[in-house]
Amino acid sequence: MIEAGSDQLSAAQTIALNALAPRAKSRGELASHLKRRGIEEDVAIEVLDRLEKSGLVNDLEFARAWASSRTRAKNLSKRVIANELREKGVTADLIAIALDEIDSDLEYRAALELGMRKARSLARFDEDVRERRLVSTLQRKGFNFSVISAVLKEILNPHRCIVTGK
């Protein structure tokens, strides 16, 4: 009986390590993966505890890396990133810590970059159509109204002097 448990523990460890090979994963993601592969919950918990102790699983570092990557590469808002992290099983307190490290300026720059890319493809449309489509694109990425407003002002009124506001 002990050997069967030992075999399952070894199998669970191999499954978890193979799952971590392509990219870091949260504890919740690994727990779900082990469950889908038929690993008993107590064995999965033991393997996940070992991986945490060895530093291979760290939900805070995972959340920080995920948030930073998704902001820079995908121009996503904090709200969308928070939803993604929740789906991956990261706790609310760790999500809050990771998102606090993304400053408002970085989020604004991500929205502006996305808006400018979208605006180039909308150049042939009337201003009201461009504005509506820009707003829609930025809303889908989860940006709040104040960020969207600031981006629209900068994109749709490029001749405005930033220093004087005129």
Side-chain angles (χ1 to χ4, degrees), residues 16-34 45 47-166:
L17 290 172
N18 286 338
L20 286 169
R23 71 163 175 85
K25 290 185 175 47
S26 69
R27 183 180 175 109
E29 283 182 295
L30 285 174
S32 295
H33 184 70
L34 291 170
I45 289 171
V47 167
L48 293 171
D49 288 345
R50 285 183 185 182
L51 291 173
E52 272 187 343
K53 285 178 187 163
S54 70
L56 291 173
V57 174
N58 182 329
D59 278 0
L60 179 56
E61 290 306 314
F62 171 79
R64 286 176 169 151
W66 187 267
S68 175
S69 168
R70 301 298 278 178
T71 300
R72 294 181 201 290
K74 296 287 186 176
N75 296 324
L76 295 177
S77 69
K78 290 180 181 183
R79 186 178 56 158
V80 170
I81 294 168
N83 287 337
E84 289 179 346
L85 288 170
R86 264 191 297 282
E87 289 172 5
K88 295 186 175 308
V90 178
T91 61
D93 57 330
L94 296 180
I95 292 171
I97 293 169
L99 293 181
D100 281 345
E101 294 174 3
I102 299 173
D103 66 351
S104 303
D105 191 43
L106 180 61
E107 188 176 30
Y108 172 76
R109 285 194 311 265
L112 182 60
E113 181 183 322
L114 175 63
M116 288 172 53
R117 243 188 359 249
K118 183 66 175 176
R120 282 192 291 273
S121 71
L122 299 172
R124 68 180 189 272
F125 294 100
D126 291 336
E127 187 173 342
D128 61 328
V129 173
R130 283 197 317 259
E131 182 175 348
R132 189 174 61 245
R133 290 186 182 181
L134 280 169
V135 167
S136 177
T137 297
L138 293 169
Q139 283 176 333
R140 279 194 305 276
K141 293 290 186 170
F143 294 104
N144 65 38
F145 179 72
S146 62
V147 170
I148 293 171
S149 290
V151 167
L152 287 177
K153 282 180 186 174
E154 190 157 337
I155 291 174
L156 297 177
N157 192 4
H159 303 295
R160 181 177 63 101
C161 178
I162 294 174
V163 176
T164 63
K166 295 182 181 179

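Proximity of I97 to E101: side-chain heavy atoms (C-beta onward) are separated by under 4.5 Å at one or more points. Residues L106 and R72 are in side-chain contact: their nearest non-hydrogen atoms beyond the backbone lie under 4.5 Å apart. Within the 4.5 Å cutoff, the side chain of R130 has heavy atoms near those of the L156 side chain. In this structure, the side chains of L51 and L17 come closer than 4.5 Å at one or more pairs of heavy atoms. At a threshold of 4.5 Å between non-hydrogen side-chain atoms, the residues L20 and L30 count as touching. You'll find the side chain of L152 reaches within 4.5 Å of the side chain of L134, heavy atoms only. Two residues are said to be in side-chain contact when any heavy atoms from C-beta on lie closer than 4.5 Å; L114 and V151 fail this criterion. Using a 4.5 Å cut-off on side-chain heavy atoms (C-beta onward), L76 and E84 make contact.
Between atom CG of residue N75 and atom NZ of residue K118 there is a gap of 13.5 Å, rounded to the nearest 0.5 Å. Between atom CG of residue L85 and atom OG1 of residue T91 there is a gap of 10.0 Å, rounded to the nearest 0.5 Å. Here the NZ atom belonging to K74 is positioned 6.5 Å from the NZ atom belonging to K141, to the nearest 0.5 angstrom. Taking NZ of K78 as the start and CG of N83 as the end, the distance is 14.5 Å to the nearest 0.5 Å. How far CD1 of I155 is from CG of L122: 9.5 Å, rounded to the nearest 0.5 Å. For the atom pair CG (D128) and CZ (R133), the distance works out to 10.0 Å, reported to the nearest 0.5 Å.
Scanning all heavy atoms of the two residues, the minimum distance from D59 to G89 falls at OD2-O, 4.3 Å. In this structure, A67 and I102 approach most closely via the heavy-atom pair CB-CD1, 3.6 Å. The nearest pair of heavy atoms linking V90 to S26 is CG2-CB, 3.9 Å. Between G115 and L138, the shortest heavy-atom contact is N-CD2, 4.3 Å.
Checked by atom type, the side-chain pair R117/S121 shows no donor-acceptor distance below 3.5 Å.
Listed for the S68 side chain is no donor-acceptor partner under 3.5 Å among the backbone atoms of R64. The main-chain N or O of A65 is never found under 3.5 Å from a side-chain atom of S69 such that the two would form a donor-acceptor pair. Side chain of S136 to main chain of R132: no donor-acceptor pair is present (N/O by atom type, distance under 3.5 Å, no hydrogens or angles).
Salt-bridge annotation for R109 and D105: present, with a side-chain N of the basic residue lying under 4.0 Å from a carboxylate O of the acidic one. Under the 4.0 Å criterion applied to side-chain N and carboxylate O atoms, D49 and R27 are assigned as salt-bridge partners. Comment: E29 engages R23 in a salt bridge, judged by a side-chain N to carboxylate O separation of less than 4.0 angstrom.
Listed by first and then second residue, the ring pair (Phe, Tyr, Trp, His ring centres under 6.0 Å) pairs that reach into residues 97-144 come to none, sequence neighbours excluded. Within the structure, ring pair (Phe, Tyr, Trp, His ring centres under 6.0 Å) contacts touching residues 52-84 (residues at least two apart or in different chains) are F62-W66.
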